[in-house]
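Below: the structure, in structure tokens.
The sequence lines fix the lettering, A, B, ..., with proteins before strands; numbering per chain opens at 1. Nothing here was measured: the structure is a model prediction, and the numbers come from that model.
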Number of protein chains: 2
Amino acid sequence: MRRSDLERRVTAAAAGSAVTLEMVAREAGVSPSTVSRILNGTAKVRDAKVRAVNAAISKLQFMPDPVARSLAGGKSMSIGVMIQTLDSPFFGGVVAALEKGLMRANYSGLFVSGHWRENDERRCIGHLLSRRVEGIILVTSCLPDAEILHLSRSVPVVLTGRSLVGENVYSVDVDSTQGARLATDYLIGQGHRRVAFIAGPVDHPDAIQRLAGYKASLATHKLPFAKKLVAVGDYTDFGGQAAMNQLLDGGEQFTAVFAANDQTAYGAMLALYRRGVKVPNDVSVVGYDDLLTSAFTIPPLTTVHRSIEGIGECAAQAMLDLIDRRAPVAKVSPATLAVRESARPLRS
Amino acid sequence: MRRSDLERRVTAAAAGSAVTLEMVAREAGVSPSTVSRILNGTAKVRDAKVRAVNAAISKLQFMPDPVARSLAGGKSMSIGVMIQTLDSPFFGGVVAALEKGLMRANYSGLFVSGHWRENDERRCIGHLLSRRVEGIILVTSCLPDAEILHLSRSVPVVLTGRSLVGENVYSVDVDSTQGARLATDYLIGQGHRRVAFIAGPVDHPDAIQRLAGYKASLATHKLPFAKKLVAVGDYTDFGGQAAMNQLLDGGEQFTAVFAANDQTAYGAMLALYRRGVKVPNDVSVVGYDDLLTSAFTIPPLTTVHRSIEGIGECAAQAMLDLIDRRAPVAKVSPATLAVRESARPLRS
DNA sequence: GAATCTTTTGAAAGCGCTTGCAGAACCTAA
DNA sequence: TTAGGTTCTGCAAGCGCTTTCAAAAGATTC
């Protein structure tokens with residue numbers, strides 16, 4: 001948009017009496033219905049009128065009022081996005097991509113944060129519903145399946161970080177099992193035999209998958225699963241630090257750690273640093289997510305890369321598909337390993 | 001909200017025919033106007049009726065439709081937030097706080113990202129205007145003053161990261177000069193005489209303030225300002241790394257660096273690490289912002305702490321004040337120094 | 001108890017747009 | 001040219017709420 005365009009629009013808004021569809025109709029010498037139909041492509045309109053209306057529209061700088069539109073048509077052109085917290089690099093990235101994808105289709109996103117609390121989530125969803133969103137995207141919801149299914153009876157639902165099948169539901173498949181496996185495989189491939197794992201919150205589907213991937217890799221390589229090599233974190237730096245300390249105090253030896261996400265890895269590395277344990281010389285560390293900052297930790301973090309942006313884009317696309325009653329097919333590309341410097345072969 | 005409440009609401013939404021104010025009126029045996037008045041407190045209503053209406057409301061689980069409300073009342077109960085990018089920890093934090101603050105007053109935020117590009121910003125603002133937001137919060141806008149002033153003639157504007165005075169404008173004062181000064185003072189207080197500075201983008205008001213603070217501190221301590229000790233970054237990890245390399249290659253000696261923001265500091269520390277320069281033994285580093293992760297870098301980063309959340313809260317509060325035609329007074333608390341381990345006294 | 005002043009309430013007219021319905025306009029075939 | 005079809009287009013009735021205006025109900029005074 002050029003500067004002058006914005007100026008004009010601002011001026012229009014300032015006047016309070018924005019141009020209405022009716023004024024356009026009058027200007028073009030047609031009825032409001034006709035203008036509406038042209039705007040929405042709801043019916044064929046004689047070419048001459050279309051031209052006249054378009055002329056009037058640009059002359060008057062008309063912009064349909066979305067509020068009136070929603071009320072009359074029942075469509076709000078906005079879709080709700082429930083996220084856990086906006087101030088995490090991961091969710092931030094997803095939201096950024098979501099915003100872009102929705103905006104492209106002229107939808108606005110209404111973002112709300114559930115803070116990992118079921119009741120907050122419910123309130124947020126209530127809020128979204130009351131705003132008449134046309135669909136809801138749940139990014140890592142903690143709500144029970146049944147409730148989500150029920151929700152999907154009134155609006156299309158897209159979810160990430162878990163899978164659920166249903167009529168009006170689409171799960172953006174971000175299966176973390178494979179990525180976790182990749183990370184563990186890598187560590188084992190480097191010769192490590194005692195690989196610890198710092199898990200995410202025990203009840204998150206996503207965290208469960210990562211644990212599963214870790215176990216699966218161990219099994220594939222015929223390595224025993226040792227309960228004492230697993231500590232539970234909470235996906236935060238702080239939790240990672242605590243978990244690592246617990247691991248260190250546990251007395252069980254290990255030469256490598258796979259942290260359930262990057263922030264956890266950061267915390268773990270700090271705990272290691274505090275005890276004088278060198279990464280990667282004494283212990284190798286691998287994370288999960290590949291946050292922007294992970295390429296700048298010291299040492300730069302080897303981590304499972306997944307396109308955070310991709311998740312957002314897919315979710316947005318899937319939602320648009322659902323709204324238009326197409327079957328969504330968007331898939332995120334599988335996770336890969338970003339090999340950097342926090343892990344190295346076990347020295348023999 | 002309890003689970004069953006949500007269920008009911010979902011069901012209502014699904015049915016399409018949500019409970020309307022008119023149904024409440026009938027149920028309570030009064031006119032719709034009365035119900036509206038009670039809801040909005042627009043007029044005194046006999047106590048008995050108030051009770052009857054409230055009873056009807058809770059019996060029917062009535063929730064006023066915000067869309068209809070906007071259309072009729074001209075208020076959209078939503079305010080626009082223009083941010084540069086959602087996937088930065090700093091902006092993420094601001095947005096999180098903003099969301100909370102607005103939600104509390106029952107406003108929804110419409111978030112859009114300008115990506116540091118004037119034209120994107122204009123387009124975003126146009127979008128917000130077309131959604132009939134009641135106010136716009138600009139988080140670190142790059143638009144020229146005149147344009148913002150013009151915008152403020154049509155909707156109240158709150159801005160952060162720069163100051164501008166005007167009728168309908170409020171700048172959340174986050175003067176960075178003081179913080180930058182604090183950081184530099186600290187470094188000098190630790191005995192450092194050759195303190196380098198990695199600046200932010202040259203044209204950002206905020207970055208300019210940080211540079212000014214750095215210079216002011218130097219001047220206060222009668223230290224010369226050396227152009228060769230300043231490198232320009234772009235507020236990203238990557239830019240910080242490049243700037244540090246440039247500094248290192250510049251040939252000018254320094255024992256401390258003040259980076260214009262934390263991400264820049266991360267990059268700088270990595271560059272130092274790559275060259276085998278130890279932090280803080282060989283070079284002290286101080287950042288600015290105190291991102292969540294900064295307590296977990298290695299070594300933990302000494303940095304200027306400012307309440308990121310505070311900024312968001314203030315901005316939200318100021319906007320609500322502006323809308324209600326009160327003079328905003330919200331102020332963010334001044335920056336303080338979070339002393340951690342990336343800086344140490346100059347060894348003599 | 002009548003007259004006057006307040007306070008409370010309801011009827012009705014929108015807010016700006018969509019849409020079902022039916023009349024108008026146009027086209028084809030006879 | 002006219003009947004019979006199609007294809008446009010306008011009218012008018014909403015969407016669910018707010019708000020003005022005037023009437024109804026109470027309160028107050030003499």
Quick one: B/Lys49 NZ to D/dA24 C1', roughly how many Å, whole number?
10 Å

Using atom CZ of A/Arg26 as one end and atom P of C/dG16 as the other, report the distance to the nearest whole Å.
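Value for this atom pair: 12 Å.
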
Tabulate below the donor-acceptor pairs under 3.5 Å that side-chain atoms of residues 25-34 of chain B make, not counting sequence neighbours, or state none.
residue, atom, partner, partner atom, Å
B/Glu27, OE2, B/Lys59, NZ, 2.9
B/Ser31, OG, B/Ser33, N, 3.4
B/Ser31, OG, B/Ser33, OG, 3.3
B/Ser31, OG, B/Thr34, N, 3.4
B/Ser31, OG, B/Thr34, OG1, 3.2

Is the shortest side-chain N/O distance from A/Lys75 to OP1 or OP2 of D/dC15 below 4.0 Å?
no

In 5'-to-3' order, the base (B), backbone-only (S) or no-contact (-) status of each nucleotide in nucleotides 17-27 of chain C, using a 4.0 angstrom heavy-atom cut-off, is BSBB-----S-

Between A/Glu121 and A/Ser141: side-chain donor-acceptor atoms closer than 3.5 Å:
yes

side-chain hydrogen bond (donor to acceptor under 3.5 Å, both in side chains) between B/Arg325 and B/Asn168, intermediate numbers included
CA-CA 9 Å; B/Arg325 323 212 126 279; B/Asn168 221 2; 5.0 Å; no

Any side-chain to backbone donor/acceptor pair from B/Arg132 onto B/Lys75? Under 3.5 Å, distance only.
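It does not hold such a pair.
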
Could you tell me whether the side chain of B/Gln84 and the main chain of B/Thr140 form a donor-acceptor pair under 3.5 Å?
yes

